[in-house]
Amino acid sequence: MNNIKTRFAPSPTGYLHIGGARTALFNYVYAKHNGGKFVLRIEDTDLERSEKIFEEDIIESLKWLSIISDEEIIRQSNRLEIYGSYIDKLLKEGKAYYCFCSKELLEEDRNRLIAENKKPMYAGRCRELKPGEELLKTPHVIRFKVNRDSSASTVFKDLIRNQLISVDNKEIDDFVLVREDGIPTYNFAVVIDDALSGITCVIRGDDHVSNTPKQIMLYNALGFNAPEFAHVSMILGQDGKRLSKRHGATSVNQYKKEGFLPEALVNYLIRLGWSHGNDEILSMEEIIKYFDLKNISKSAAIFNTEKLLWLNSHYIKSKDPFILIGLINDITDDSQSRLNVDIKTAAIVDSLKSRSKTLVELRQKLDFFVNETIEYKPQVMNEFNFNENDLVFLKSFKEFILGLDDKIFIKENALESLKVSIESIKNEFNDFLSKKGWTMKEKAMLIRLAFAGEKVSPPIYEIIFALGKERCVKRIELFSGYLSSIKIYNSKF
RNA sequence: GGCCCCAUAGUCUAGCGGUCAGGACGUUGCCCUCUCACGGCAGUAACACGGGUUCGAAUCCCGUUGGGGCUGCCA
């Protein structure tokens with residue numbers, strides 16, 4: 001009966017990026033799988049770089065991904081007294097010490113060691129110092145006194161590799177616990193908070209493995225039980241380098257704006273490094289049901305937008321068109337461009353959803369329907385050789401549209417009745433064509449150009465329904481006029 | 001440079017001593033078809049290299065190479 005508790009502890013020094021989102025996701029689903037708790041902690045001890053807007057972005061982005069903290073969110077900046085009491089304890093017990101070395105001096109040391117091809121480490125000048133009250137009034141930091149016994153090493157088990165990682169203490173610096181300004185450093189604050197919050201398992205990025213021995217030493221020095229550790233590999237860009245801005249979109253919020261669904265991002269991120277047999281499509285519920293640290297990959301993974309797009313199109317396809325309209329409106333800043341929530345818009349969205357990989361793409365494809373006027377682009381129109389017969393057809397087609405029963409176009413906001421309408425338009429239209437001895441294949445492109453001004457559009461019956469009689473007729477007339485005008489133009493030469 | 005970690009197709013991965021090395025994205029071809037998609041079918045492509053251990057190695061061990069991380073009073 002061990003109550004699992006995990007956490008995600010980002011520093012608010014940037015927007016939530018996909019690497020962080022994946023780490024948060026792993027922590028969240030691991031806790032949920034085990035019936036445990038997941039908590040969020042904001043590590044804002046770097047006063048220089050932390051910003052409130054980043055904190056808000058992180059919380060919002062996680063919420064969008066359905067990753068919610070089970071407890072009130074902790075901010076390290078509110079806990080300075082707590083850290084103070086523990087530092088006093090370490091100082092009193094001789095496990096930490098004051099260091100008065102100037103930054104300039106340390107910089108010199110470092111440069112010298114690097115020049116000598118040695119590992120840059122603190123020389124330990126102040127290790128045995130017993131500072132008097134006067135000296136304590138001068139600038140200083142507090143360092144941890146690492147056990148320097150010649151054979152001492154620090155060992156921990158990594159749950160991802162399922163093996164022990166051992167680091168010789170001589171590789172570990174007497175690292176700083178409290179800065180000159182009195183603010184604790186990451187390695188110190190993280191241990192206090194994880195211990196006090198009762199975190200049982202720390203799942204974090206690979207880049208923290210070298211911090212883990214330091215933290216274990218602190219757990220031991222403070223008399224806390226250390227949690228378990230699981231270091232997940234990092235996400236790399238297409239070039240195999242660490243993911244950064246130059247690889248394109250990296251923040252979760254940016255993906256939202258570009259028309260990705262949270263389900264798709266969650267599904268993609270969890271599969272990037274974790275697997276459950278051959279399953280590719282996984283809902284949050286399924287992920288929680290099956291998730292296991294044992295099935296996390298040890299190696300770094302390259303972020304592949306193609307697969308994310310595939311997942312996104314999958315989730316778009318499976319959504320109700322009315323819901324899609326809402327989602328598109330959610331990411332539309334300009335109130336002028338908002339979509340109407342009605343059956344006609346839904347009809348086009350329903351048709352376009354299997355043709356779009358993102359919500360943004362879907363919205364763009366909707367332009368021909370939303371905009372009142374359509375443009376006849378020369379680069380599109382020049383590909384066709386129009387003739388008199390086309391005008392004859394359009395005239396006849398207009399009559400057909402006008403002759404359609406008005407009842408076909410009046411529908412409740414129900415997708416089922418929509419299908420019936422489209423079916424009857426299809427039947428009527430096929431009758432019309434066969435009576436005239438025309439075929440769909442030869443006439444479809446002309447109609448498409450008239451209605452959409454593009455070579456690509458949703459199926460014609462669906463457009464007829466969505467546009468309605470009046471707009472159809474208007475577009476046929478405009479297009480006929482356009483054809484006549486280019487005919488006149490051509491005849492001059 | 002030092003320390004730590006990693007290594008199956010272009011990419012994500014399954015595999016856990018005996019498999020025709022499986023799936024997915026991508027890509028190619030075909031079918032469907034009013035366009036484009038969707039969908040269906042088929043194809044393409046991998047165990048980094050070298051030593052061991054073993055009757056037998058993608059799987060275990062060692063080395064090489066390659067990649068990543070850390071080496072801050074950042075997290």
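All values below come from the heavy atoms of this structure, side chains included, with hydrogens, waters and symmetry mates left out. These figures come from a predicted structure and were not determined experimentally. Numbers restart at 1 for each chain; the letters A, B, ... are given by sequence-line order, proteins then strands.
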*For B:G29, which nucleotide is its Watson-Crick or G-U wobble mate, given both distances must be under 3.5 Å?*
B:C41

*Check each of A:Arg148, A:Arg143, A:Lys145 against A:Asp174 using the salt bridge (Lys or Arg N to Asp or Glu O under 4.0 Å) test, and report the only one that passes.*
A:Arg148

*Is the base of B:C36 touched by the side chain of A:Arg355 through a donor-acceptor pair closer than 3.5 angstrom?*
yes

*asked:* Would you measure the distance from the P atom in B:G43 across to the matching atom in B:C36 and give it in whole Å?
replied: 25 Å

_Quick check with a 6.0 Å cut-off and a 45 degree axis cone: is A:Arg127 positioned over the face of A:Tyr122's six-membered ring?_
no

_Sugar-phosphate only, base, or nothing, as touched by A:Tyr268 at under 4.0 Å among non-hydrogen atoms_ = nothing

*A:Ile165 side chain: which of B:C12, B:G1, B:C5 is closest?*
B:C5

*asked:* Over all strands shown, is A:Ser233 touching base, sugar-phosphate only, or nothing at heavy-atom distances under 4.0 angstrom?
replied: nothing

*Quick one: A:His231 NE2 to B:C4 C1', roughly how many Å, whole number?*
11 Å

*Could you tell me whether the phosphate oxygens of B:A14, OP1 or OP2, come under 4.0 Å of any side-chain nitrogen or oxygen in A:Ser275?*
yes

*asked:* Between B:G68 and B:U11, how far apart are the two P atoms, rounded to whole Å?
replied: 14 Å

_Between B:A42 and B:C25, how far apart are the two P atoms, rounded to whole Å?_
14 Å

*Should the ring pair A:Phe479 and A:Phe386 be called parallel, tilted or perpendicular, given that the plane angle runs from 0 to 90° and is split at 30 and 60?*
perpendicular

I'd like a list of close polar pairs between nucleotides 60-69 of chain B and the protein, N/O only, cut-off under 3.5 Å.
| unit_1 | atom_1 | unit_2 | atom_2 | d |
| --- | --- | --- | --- | --- |
| B:G68 | OP1 | A:Lys241 | NZ | 2.7 |

*Quick one: are the ring centres of A:Phe303 and A:Tyr268 less than 6.0 Å apart?*
yes

*Go ahead and name the base partner of B:A9; Watson-Crick or wobble counts if both distances stay under 3.5 Å, otherwise write none.*
none

*asked:* What contact category does A:Pro10 fall into here, base, sugar-phosphate, or nothing, at under 4.0 angstrom with non-hydrogen atoms?
replied: nothing

*With a 3.5 Å cut-off and just heavy-atom distances, do the side chain of A:Glu280 and the base of B:G23 make a donor-acceptor pair?*
yes

*Taking CZ from A:Phe465 and C1' from B:C34, how many angstroms apart are they, rounded to a whole number?*
19 Å

*For atom P, what is the distance between B:G39 and B:A24, given to the nearest Å?*
12 Å

_At less than 4.0 Å, is any side-chain N or O atom of A:Lys317 found next to OP1 or OP2 of B:G39? Yes or no._
yes

*Which part of the nucleic acid does A:Ser457 contact within heavy-atom distance under 4.0 Å: base, sugar-phosphate only, or nothing?*
base

*How is A:Thr13 classified with respect to the nucleic acid when contacts are heavy atoms under 4.0 Å: base, sugar-phosphate, or nothing?*
nothing

*Figure out the CZ/C1' separation between A:Arg110 and B:G1, and round it to whole Å.*
16 Å

*Looking at the side chain of A:Asp46, which of B:C12, B:U71, B:A75 is the nearest nucleotide?*
B:A75

*Would you mind pulling out the nucleotide paired to B:G56, Watson-Crick or G-U wobble, both distances under 3.5 Å?*
none

*Please report, rounded to the nearest Å, how far the C1' atom of B:U35 is from the CZ atom of A:Phe429.*
14 Å

_Spacing between A:Ile463 atom CD1 and B:C36 atom P, to the nearest angstrom_ = 14 Å

*Return the residues of residues 140-163 of chain A meeting this criterion: a heavy atom under 4.0 Å from some atom of RNA chain B. Order them by number, or give none.*
A:Val141, A:Arg161, A:Gln163

*If you measure from the C1' atom in B:A46 to the same atom in B:G2, how many Å do you get, rounded?*
34 Å

*Please tell me which of A:Cys101 and A:Asn304 maps to the more 5' nucleotide of RNA chain B, matching each residue to the nucleotide holding its nearest heavy atom.*
A:Asn304

*What integer number of Å spans the C1' atoms of B:A21 and B:A58?*
8 Å

*Between A:Phe393 and A:Phe400, does the ring centre distance come in under 6.0 Å?*
no

*For A:Leu272, report the nucleic acid contact type (base, sugar-phosphate, nothing); a contact means any heavy atom under 4.0 Å.*
sugar-phosphate

*Ring geometry between A:His140 and A:Tyr98 (parallel below 30°, tilted from 30 to 60°, perpendicular above 60°)*: perpendicular

*asked:* Rounding to an integer number of Å, can you tell me how far A:Glu171 CD sits from B:C4 P?
replied: 7 Å

*Check every strand shown and say whether A:Lys455 touches a base, only sugar-phosphate, or nothing at a heavy-atom separation below 4.0 Å.*
base

*asked:* Does A:Glu306 reach a base, just sugar-phosphate, or nothing at all? Heavy atoms under 4.0 Å.
replied: sugar-phosphate

*Base, sugar-phosphate, or nothing for A:Gly205, non-hydrogen atoms under 4.0 angstrom?*
nothing

*Residue among A:Ile199, A:Ile74, A:Thr6 satisfying side chain to side chain contact (heavy atoms under 4.5 Å, CB included) with A:Val39*: A:Ile199

*Paired nucleotide for B:C73 [Watson-Crick or G-U wobble; both distances under 3.5 Å]*: none

*Whole-Å P distance, B:C41 and B:C32*: 15 Å

*Given atom CD of A:Glu462 and atom C1' of B:C36, what is their separation to the nearest angstrom?*
13 Å

*Once you round to the nearest 0.5 Å, how far does CD of A:Glu258 lie from OG1 of A:Thr358?*
8.0 Å

*asked:* Give me the distance, rounded to whole Å, that separates B:U59 from B:U19 when you measure between the P atoms they each carry.
replied: 13 Å

*Assign the ring pair A:Phe156 / A:Phe229 to parallel, tilted or perpendicular, where the plane angle (0 to 90°) is split at 30° and 60°.*
perpendicular

*Taking CZ from A:Phe188 and P from B:A75, how many angstroms apart are they, rounded to a whole number?*
13 Å

*Could you check whether A:Asp181 gets within reach of a base, just the sugar-phosphate, or nothing at all, counting any heavy atom under 4.0 Å?*
nothing

